[in-house]
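Quick caveat, the model's predicted, so the values are computed rather than measured.
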Amino acid sequence: MDTIKGDLDDMKTLSACCRMLDKIGFTTQFKINHAGIQSLDSQKEYTPAEVKIVNFYRFEGSSNPDDNSILYAIETSAGERGTITDAYGPNGDPIITQFIQQVESFEKKTDKDKHL
């Protein structure tokens, strides 16, 4: 796993976190479709069994709870690495939520891990 160096303050916004993940190789954008999750780069589709959630990041809107979001760092069985974003909480997309709940490999790295 790639080591991230730098100030954790850089990870306070969704856009900063996306830039950090892009720099370490999570460059593919994913979307949910009828078959599972699809890479917008390769157009390949993956089932929950073919996906690992490497990490996730939650962001809270400062003035509006409707602005809450969650960013998932994803790695596929084919080696594609990228992200998918969803609203967090009651405004989340139920299709994304259902897919994520079916993924068996789901990790949350902590500051102590010194990764992602």
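- The shortest heavy-atom contact between K44 and A78 is CE-CB, 4.2 Å.
- Looking only at side-chain heavy atoms (C-beta outward), E80 and E75 stay at 4.5 Å or farther from each other.
- How far CG of D86 is from OH of Y72: 6.0 Å, rounded to the nearest 0.5 Å.
- The number of heavy-atom neighbours closer than 6.0 Å to CD of E104, taken from other residues, nucleotides and ligands shown, is 12 or below.
- Under the 3.5 Å distance criterion, with hydrogens and angles disregarded, a donor-acceptor pair is assigned to the side chains of T28 and D41.
- You'll find the side chain of V54 reaches within 4.5 Å of the side chain of F26, heavy atoms only.
- Considering CG of L14 and CZ of R58, their distance stands at 14.5 Å, rounded to 0.5 Å.
- Within the 4.5 Å cutoff, side-chain heavy atoms of S15 are placed close to those of R19.
- S39 has its side chain out of reach of T76: every pair of non-hydrogen atoms, C-beta onward, lies at least 4.5 Å apart.
- When the side-chain contact (heavy atoms from CB on, under 4.5 Å) test is applied to N33, the partners found at least two apart in sequence or on another chain are A35, Q38, E45.
- Minimum heavy-atom separation, L71 to F59: CB-CE1, 4.1 Å.
- Within a 6.0 Å radius of CD1 in I95, no more than 12 heavy atoms belonging to other residues, nucleotides or ligands are found.
- Counting heavy atoms from C-beta outward, S69 and Y57 have side chains that stay 4.5 Å or more apart.
- The side-chain heavy atoms of D93 and I32, taken from C-beta on, include no pair separated by under 4.5 Å.
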Exercise for the section: Take I53 and I74, measure what side-chain contact (heavy atoms from CB on, under 4.5 Å) needs, and give me the verdict at the end. Expected result: CA-CA 5 Å; I53 306 294; I74 295 171; 3.8 Å; yes
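- A distance of 8.5 Å separates CG of N68 from OH of Y88, quoted to the nearest 0.5 Å.
- Between I96 and T85 the shortest heavy-atom distance is CD1-O, 4.0 Å.
- For T83, the side-chain hydrogen bond (donor to acceptor under 3.5 Å, both in side chains) test picks out Q29, with sequence neighbours left out.
- Residues meeting the side-chain contact (heavy atoms from CB on, under 4.5 Å) test with S77, sequence neighbours left out: Y46, E50.
- Using a 4.5 Å cut-off on side-chain heavy atoms (C-beta onward), K31 and L40 make contact.
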